[in-house]
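To start, the structure itself, in structure tokens.
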Protein chains: 4
Amino acid sequence: MKTPDTDQPSDPEGRRSIGARRNPDSAEAILEAAEAVLLESGYAGFSIEAVARRARAGKPTIYRWWPSKAALLLDVYRRQKRDVGQPDTGSLEEDLFQLARSLFTLWRDTPAGTIFRSIIAEAQSDAKAAEALAEYGAERRRHSGRMTERAIARGEARPDANPKVVADLLSSYAWTHLLTGRLDEDDDTLRAAIRTIVRGVLA
Amino acid sequence: MKTPDTDQPSDPEGRRSIGARRNPDSAEAILEAAEAVLLESGYAGFSIEAVARRARAGKPTIYRWWPSKAALLLDVYRRQKRDVGQPDTGSLEEDLFQLARSLFTLWRDTPAGTIFRSIIAEAQSDAKAAEALAEYGAERRRHSGRMTERAIARGEARPDANPKVVADLLSSYAWTHLLTGRLDEDDDTLRAAIRTIVRGVLA
Amino acid sequence: MKTPDTDQPSDPEGRRSIGARRNPDSAEAILEAAEAVLLESGYAGFSIEAVARRARAGKPTIYRWWPSKAALLLDVYRRQKRDVGQPDTGSLEEDLFQLARSLFTLWRDTPAGTIFRSIIAEAQSDAKAAEALAEYGAERRRHSGRMTERAIARGEARPDANPKVVADLLSSYAWTHLLTGRLDEDDDTLRAAIRTIVRGVLA
Amino acid sequence: MKTPDTDQPSDPEGRRSIGARRNPDSAEAILEAAEAVLLESGYAGFSIEAVARRARAGKPTIYRWWPSKAALLLDVYRRQKRDVGQPDTGSLEEDLFQLARSLFTLWRDTPAGTIFRSIIAEAQSDAKAAEALAEYGAERRRHSGRMTERAIARGEARPDANPKVVADLLSSYAWTHLLTGRLDEDDDTLRAAIRTIVRGVLA
DNA sequence: ACCTAAGCGAGACGGTACGTCTCGTCTTGCG
DNA sequence: CGCAAGACGAGACGTACCGTCTCGCTTAGGT
């Protein structure tokens, strides 16, 4: 790596076009700048102008590739997110607890939390963001629903348990805590919430 | 109905000062205009300027009494909200279900939903809104926590059930559905979610 | 002197009405405050609000007695001005020089200069100020014209010399130097200007 | 004349950016609008907002190129002013008289007078305007000083006559008459004033 | 001794303008 | 054709004053 300036205005002497196609350096610089701005100034300071300034990019370059603030935010989120993975401990409660705990930790200790909050906020006034968020949420619920499916399969959960409902309750709990600044719940409280859900579906 | 001008710029020939004290007509006109703007243009179009124009009020009059957009939003919400009340059917599941159902209905069929979404969005970039929202949320959870307390008292719920956790799960579920445009869940799905929570705390 | 608080918000615990007539204390406090504001913040900071704040007076009290900013300014000027008097040395050049010199000194070293500048500025957009200024200027020219009249009478100046023209040239020179911040002309330059005028009317 | 819309909001369907450089059309429209506003509403009604409205320009576009009201006023003055030229009749009195007369006429019969009055007024509360005005005044005095220099050179004026003083007296006389609404002096009065100055420097 | 009339401080009111910020679009000139 | 750059019209931001209004109080002068 030549330039180690990860969150500075990057290239000292700007990028040029590389011909009639998208310049990946620009895209990278813009996403990096977007993340940095979001981290430093929060959603309130997150403007296309600020990102362009930071990335030493022209505003039209941003608008060309990301039609809305929401699209940029989503890309930043996707790029940033190191997937929390899916635990498989053989116990539904333990699986859900570890998932929730690692999500809370990720959101609290990395930019991911700020970014995701911003996306949800944006979705309240931007239809495209709302749609993307809905799709993303559904996907996450499908994903975490598998844990309940496995619990049913191994006889831990009752056969008529609804994996979607469990996933919905869990992700609602996590999202709401993110949005209201309550990511520092201690293990006992978190576990009590998870246990309440799990008990509701045990065989 | 006495005054048919519910969503027009109200008074044909404006309000005056009524001395060195707040003019309730102005306050009323501003709140009404704020609600109308929010309803017609959504959170995206909700600006102090737009409210002032609509209310035929000066911007300083708004800033004098509401230090931030968030404060105005909260007042609009409070003014608009007809409290959903607290059912007491003798069954925890039924209590929670009716509460959730009436909340979903309120949010879907009145401006309250749009307004509350806006407050949550605003809280993602405005510290004062965040604080106000946190306080409001805590109060709501205390309120709905009483239903579980009653269930414990009558032996329906286990003695070590945590009313706060139940309330948190329920309100998280409701808020998240509001924010992601899923207020039209059918009764079965809604009841399945409620039942999962309730089963987790039954004796 | 009873109260030494010449430029503070005056009375610690406010003035009241003294019945159905003008309260001279208020008038005094307002003029004093106006002068203080003008001195401290210049014409740019001279607003009715600022004067009212400073004088602990209500705005209507000011508007009741001074219909415009210009009227207040003129009163402040009249109240402040210690008349420069009219020298009579037996020499026209010396008379004019001493008059100009004392005027320059007064304007440079006391609030009078700032105040008078403000009046002239105000007169450029306020007809009433313009009228008052015109009248005042004419009176001043009549006044200083007497020096030339005396010089004609004693045979120093030619009989057909026009006192009004001399006075006009002199006051124009002074006013313009006030308005362009050139009140620090040294004695030689000032005397050269006066001498040029005087030579033009000597016998 | 192709476009008859000399003082209307100009272009029916607006101007666009012409790239990363100043758009001369906008500059022109703004100066034209500024002049029109000044002419119609006077200095009192001259606001950046009014100019922007009239020119169908955004406020930032004005602030981008003119840092203050004063700067805009000066540009309007420069643009408007058809230089009064410098007469050279071989007689100092005649030179000065014609200069003064044409200046009075220009100020009385064109917008230039209103504009220049506004600049002087603005300079009484805006330091930058004051500086610009000082520089402009010095330049004008240098310029009109040349007439006296020529008179000295041809032996008409005494060798020790001070051209700066003559120019100062003349321009002071003119400026003051502008500011006090006395531009309609008849030829006799004007000539008497000029003659008084000139006699003071004749050989 | 009452009553009315006016002045007083206070400060809210509908407005206008301020100077700054960001929006999303446009156009240039270089590569 | 993409790129950085940055100007453009538009319009919201939150603040300062404008000049007007009404309040509750005070006092004086006429009854």
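We name chains A, B, ... by the order of the sequence lines, and we start the count at 1 in each one. The figures that follow rest on heavy atoms only: side chains count, while hydrogens, waters and symmetry mates do not.
- Taking C:L38 as the reference, C:F46, C:L73, C:T114, C:I115, C:S118 meet the side-chain contact (heavy atoms from CB on, under 4.5 Å) condition, with sequence neighbours excluded.
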What pairs of nitrogen or oxygen atoms, one from the protein and one from nucleotides 5-7 of chain E, lie under 3.5 Å apart?
{"from": "E:dG7", "atom 1": "O4'", "to": "C:G19", "atom 2": "O", "distance (Å)": "3.1"}
{"from": "E:dG7", "atom 1": "O3'", "to": "C:R21", "atom 2": "O", "distance (Å)": "3.4"}
{"from": "E:dG7", "atom 1": "N3", "to": "C:S17", "atom 2": "OG", "distance (Å)": "3.0"}

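- Residues satisfying the side-chain contact (heavy atoms from CB on, under 4.5 Å) criterion with D:A129, sequence neighbours excluded, are D:A70, D:E122, D:A123, D:D126.
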Practice task
Mind running salt bridge (charged side-chain N to carboxylate O under 4.0 Å, His left out) on D:E32 and D:R54 for me, showing each step along the way?
Solution key: CA-CA 9 Å; D:E32 207 161 288; D:R54 178 91 180 211; over 6 Å; no
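- Contact check of residues 118-126 of chain B against DNA chain F (heavy atom, cut-off under 4.0 Å) returns no residues at all.
- For the pair A:E28/A:R79, a side-chain contact is recorded, criterion being any heavy-atom separation below 4.5 Å from C-beta on.
- Here the shortest heavy-atom pairing between A:V37 and A:A50 reads CG2-O, 4.1 Å.
- If you measure from atom CZ of B:R15 to atom C1' of E:dC13, you get 9 Å, rounded to the nearest angstrom.
- Contact annotation: B:S26 side-chain N/O to E:dA12 OP1/OP2 distance is not under 4.0 Å.
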Interface polar pairs with nucleotides 14-19 of chain F, N/O, under 3.5 angstrom:
{"from": "F:dG14", "atom 1": "OP2", "to": "B:Y63", "atom 2": "OH", "distance (Å)": "2.3"}
{"from": "F:dG14", "atom 1": "O5'", "to": "B:Y63", "atom 2": "OH", "distance (Å)": "3.3"}
{"from": "F:dG14", "atom 1": "N7", "to": "B:K59", "atom 2": "NZ", "distance (Å)": "3.0"}
{"from": "F:dG14", "atom 1": "O6", "to": "B:K59", "atom 2": "NZ", "distance (Å)": "2.6"}
{"from": "F:dC18", "atom 1": "OP1", "to": "C:I48", "atom 2": "N", "distance (Å)": "3.1"}
{"from": "F:dC18", "atom 1": "OP2", "to": "C:I48", "atom 2": "N", "distance (Å)": "3.1"}
{"from": "F:dC18", "atom 1": "OP2", "to": "C:E49", "atom 2": "N", "distance (Å)": "2.9"}
{"from": "F:dG19", "atom 1": "OP2", "to": "C:Y63", "atom 2": "OH", "distance (Å)": "2.5"}
{"from": "F:dG19", "atom 1": "O5'", "to": "C:Y63", "atom 2": "OH", "distance (Å)": "3.4"}
{"from": "F:dG19", "atom 1": "N7", "to": "C:K59", "atom 2": "NZ", "distance (Å)": "3.0"}
{"from": "F:dG19", "atom 1": "O6", "to": "C:K59", "atom 2": "NZ", "distance (Å)": "2.7"}

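- The distance from atom CZ of D:R56 to atom P of F:dA10 is 6 Å, rounded to the nearest whole Å.
- Under the ring pair (Phe, Tyr, Trp, His ring centres under 6.0 Å) criterion, C:F116 pairs with C:Y77, C:W107, C:Y136, C:W175, not counting sequence neighbours.
- Taking D:Y43 as the reference, nothing meets the ring pair (Phe, Tyr, Trp, His ring centres under 6.0 Å) condition, with sequence neighbours excluded.
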Just distance, no hydrogens or angles: give the donor-acceptor pairs under 3.5 Å from side chains in residues 58-66 of chain C, sequence neighbours left out.
{"from": "C:K59", "atom 1": "NZ", "to": "C:E49", "atom 2": "OE2", "distance (Å)": "2.9"}
{"from": "C:W66", "atom 1": "NE1", "to": "C:D75", "atom 2": "OD2", "distance (Å)": "2.8"}

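- For the side-chain contact (heavy atoms from CB on, under 4.5 Å) test, residues two or more places apart in sequence or in another chain that qualify with B:A57 are B:R15, B:I30, B:A55.
- Following rounding to the nearest Å, D:R54 (CZ) and E:dT16 (P) show an atom-to-atom distance of 18 Å.
- By the salt bridge (charged side-chain N to carboxylate O under 4.0 Å, His left out) test, C:E131 is found to be paired with no residue, residues two or more places apart in sequence or in another chain being considered.
- At whole-Å resolution of the value, CD1 in A:I62 and C1' in F:dG2 are 14 Å apart.
- When the side-chain contact (heavy atoms from CB on, under 4.5 Å) test is applied to B:I18, the partners found at least two apart in sequence or on another chain are B:R21, B:N23, B:P24.
- Atom CG of B:D25 is separated from atom P of E:dA12 by 16 Å (rounded to the nearest Å).
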